[in-house]
Amino acid sequence: MKKSHFRHLKNKWVIIGIIIILIIAVIVYEKTKPTKPNFQYATAAIGNVVEQVSVTGTVSPVSNAKLAFEKGGVISKIYVKVGDTVTAGEAVASLDSANDQAALISAQATLADMSSGLTPQQNAAYQSAVNTASTTLTNALSDAVNAVHTGYVQAQSAVVNYGDTFFTNPQTANPTINVRTQSNTIALSINNERLQISTALNNWENDASTTGTVNTGNAAKLISNAEGYLATIKSFLTDLSAIVNNLSPGNSGLPQSAIDSGVTAMNTSLSTLNQAINTVSTADTGLKSASSGLAQAENTFALQKSGSTPDAVAAQAAKVSQAQAVLAEDTITSPIDGIVTQENPNVGEYIAPGQSGFAVQNSGFKVEAYVAEADIAKVAVGDLASSTLDAYGAYVNFPEKVIMIDPAETVLQGVPTYKVTLQFVSPDSRIKSGMTSNIEILTHEVNNVLEIPYRAITITSTSTNVRLVSANGQKYTSVLVTTGLKGSDGTIQILSGLKEGDKVVTYVGS
């Protein structure tokens with residue numbers, strides 16, 4: 001019995017000893033095993049870094065026209081329906097014009113009855129006068145075209161050679177006056193005027209390059225356009241002259257000699273512009289005189305053919321013109337190329353004067369979005385963008401392009417923003433006015449460059465660093481790097497300091 005008890009105690013102490021040995025082994029292992037790093041890392045790799053600006057805008061047509069009759073009447077014909085494509089000048093709808101057509105026919109018949117024959121000699125003399133007046137008008141038409149070109153050259157010289165000396169980047173989308181003004185409002189206003197001048201000069205240049213046969217109507221339009229451009233340019237140069245003439249050494253920081261030189265430049269600019277104004281004005285006077293002379297020669301010829309007095313024939317001719325104008329008011333036409341978006345009245349329905357029953361919108365669409373002040377410097381005219389429309393989900397892309405950036409801010413909810421206008425790159429029947437466009441403007445992109453997560457970067461007042469993981473992965477050291485483009489997806493370009501495959505710390509635990 002005692003021997004059995006002794007063996008039992010002996011086995012018990014053996015087990016306890018084994019347990020103690022195991023505990024000691026575990027303690028030794030825990031103290032000697034490798035320590036797991038308390039940080040996370042990412043690997044530097046070759047990739048693409050893309051900078052984008054995200055905005056939301058609303059789709060609207062490039063242009064939109066609401067159409068109405070100048071007088072009331074009963075709709076007799078409707079030539080279009082909603083969704084039809086129309087061109088500028090195409091008839092949209094007509095009123096019942098039976099009475100107006102009858103009035104015109106009657107007036108024309110009366111005028112025809114007032115004509116009578118001439119002797120062959122008289123007929124030849126009056127015809128010769130008409131031919132001479134026609135030749136004079138032909139020469140005036142040529143002079144008008146030449147004046148439009150010459151006036152453009154003179155006006156461009158006034159702006160570019162003299163006025164633009166007071167601007168930085170004058171012929172870009174962001175002209176900036178380079179002398180002091182009395183207020184920021186004046187500076188913004190003159191900058192915006194210079195931007196409008198670029199548009200006016202571009203349009204005038206297109207007019208000046210007109211080729212082919214020019215008739216009286218075309219020439220008169222070219223002259224009228226030129227006079228409009230000149231008025232815009234004169235207003236701009238007058239405002240700029242006021243700014244320059246207000247300069248003094250005290251308020252501008254410029255020496256008096258520089259101010260005097262600027263005043264001289266402005267005086268030369270205005271003088272050059274006056275030459276352009278005189279050129280166009282002279283051509284306008286000549287064209288009107290020649291046109292009037294031909295009309296007078298033709299009317300005299302017609303009067304001599306008739307047995308009626310000149311006053312009677314002139315009065316009747318005026319009645320014919322009036323009847324033609326009244327008849328023309330019975331039809332409305334589209335002023336633009338586009339798509340019919342409204343067609344409310346029905347045939348046989350009375351419509352009041354000025355009541356808008358039809359509308360046409362341009363087939364092209366634009367998107368207006370507002371970019372925050374912090375991002376506007378990244379965006380430039382010509383930038384491409386990808387966009388989605390809420391109506392079609394996040395996986396249908398509609399490419400867009402930045403076509404305009406407003407130079408002045410728009411304050412939304414107390415925050416300065418800048419309106420950016422984009423246009424769809426390709427026509428697409430799925431695009432509708434009023435849709436919401438979610439836009440990613442591609443502002444910068446670099447391809448096949450070394451990149452790491454931006455969170456791995458540590459920036460101090462004197463350096464930019466990353467924490468480079470050692471070869472055994474157990475520790476890290478700080479190294480200097482040079483960075484490039486910061487991507488919108490949280491990556492950043494590394495220009496120097498790392499190589500492909502290097503591991504950089506992105507998070508250190510406690």
Side-chain angles (χ1 to χ4, degrees), residues 57-112 203 215-218 220-221 223-225 227-228 231-232 295 314-368 391 419 421 423-424 427 429-436:
T58 302
V59 177
S60 61
V62 173
S63 58
N64 187 47
K66 292 187 178 297
L67 311 180
F69 288 100
E70 295 183 26
K71 63 182 181 181
V74 176
I75 300 287
S76 63
K77 291 182 180 179
I78 296 176
Y79 305 102
V80 298
K81 62 182 181 297
V82 172
D84 282 355
T85 299
V86 294
T87 58
E90 184 175 341
V92 174
S94 296
L95 299 176
D96 183 355
S97 61
N99 292 336
D100 294 335
Q101 288 177 346
L104 175 60
I105 292 171
S106 175
Q108 290 172 327
T110 300
L111 181 61
N203 292 339
N215 57 35
T216 304
N218 299 144
K221 184 177 180 181
I223 290 291
S224 177
N225 288 348
E227 290 174 337
T232 300
Q316 188 58 36
K319 290 180 180 179
V320 171
S321 297
Q322 183 180 14
Q324 290 172 330
V326 171
L327 181 62
E329 292 177 356
D330 290 334
T331 300
I332 54 174
T333 60
S334 173
I336 60 173
D337 295 342
I339 299 173
V340 178
T341 57
Q342 181 184 353
E343 179 240 328
N344 288 338
N346 298 313
V347 173
E349 181 181 339
Y350 177 83
I351 189 167
Q355 178 182 338
S356 179
F358 303 88
V360 177
Q361 74 175 27
N362 191 279
S363 57
F365 290 94
K366 63 183 179 181
V367 177
E368 292 181 348
K419 186 170 76 173
T421 303
Q423 194 164 16
F424 289 96
S429 60
R430 294 173 296 178
I431 302 172
K432 302 290 188 295
S433 180
M435 287 183 170
T436 298

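Taking every heavy atom of both residues into account, Met435 and Arg430 meet most closely at CE-O, 3.5 Å. The minimum heavy-atom distance between Asn215 and Asn218, with the atom names listed, is OD1-N, 2.7 Å. Closest heavy-atom contact between Leu327 and Gln101: CD1-CG, 3.5 Å. Of all non-hydrogen atoms in Ile351 and Pro345, the two that sit nearest each other are CD1-CG, 3.9 Å.
Only one option out of Asp100, Val74, Thr331, Asp330 pairs with Leu95 in a side-chain contact (heavy atoms from CB on, under 4.5 Å); it is Asp330.
Val59 is listed as a side-chain neighbour of Phe424, based on a closest heavy-atom distance under 4.5 Å. Side-chain contact check for Val360 versus Leu67: some heavy-atom pair is nearer than 4.5 Å.
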- Kindly determine whether Thr421 and Val367 satisfy side chain to side chain contact (heavy atoms under 4.5 Å, CB included), including the steps that lead there. CA-CA 6 Å; Thr421 303; Val367 177; over 6 Å; no
- Query: Run the side chain to side chain contact (heavy atoms under 4.5 Å, CB included) check on Val86 and Val340 step by step: do they pass?
  - Reply: CA-CA 7 Å; Val86 294; Val340 178; 3.9 Å; yes
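In terms of the side-chain contact (heavy atoms from CB on, under 4.5 Å) criterion, residue partners of Thr232 (sequence neighbours excluded) are, by chain and number, Ile197. For the side-chain contact (heavy atoms from CB on, under 4.5 Å) test, residues two or more places apart in sequence or in another chain that qualify with Thr85 are Ile339. Residues passing the side-chain contact (heavy atoms from CB on, under 4.5 Å) test with Ser433, sequence neighbours excluded: Pro61, Gln361, Phe365.
Tyr79 OH to Thr333 OG1: the interatomic distance, rounded to the nearest 0.5 Å, is 11.5 Å. In this structure, CD in Glu90 is found 4.5 Å from OG1 in Thr87, a value given to the nearest 0.5 Å. Rounded to the nearest 0.5 angstrom, Ile78 CD1 and Asn344 CG are separated by 9.5 Å. Taking CD1 of Ile75 as the reference point, atom CZ of Phe358 lies at 5.0 Å (rounded to 0.5 Å).
Counting heavy-atom neighbours within 6.0 Å of Glu70 CD, excluding the residue itself, gives a total of 12 or less. More than 12 non-hydrogen atoms from other residues, nucleotides or ligands lie less than 6.0 angstrom from NZ of Lys432. Summarising the local packing, CD of Gln322 is surrounded by 12 or fewer heavy atoms from other residues, nucleotides or ligands at distances under 6.0 Å.
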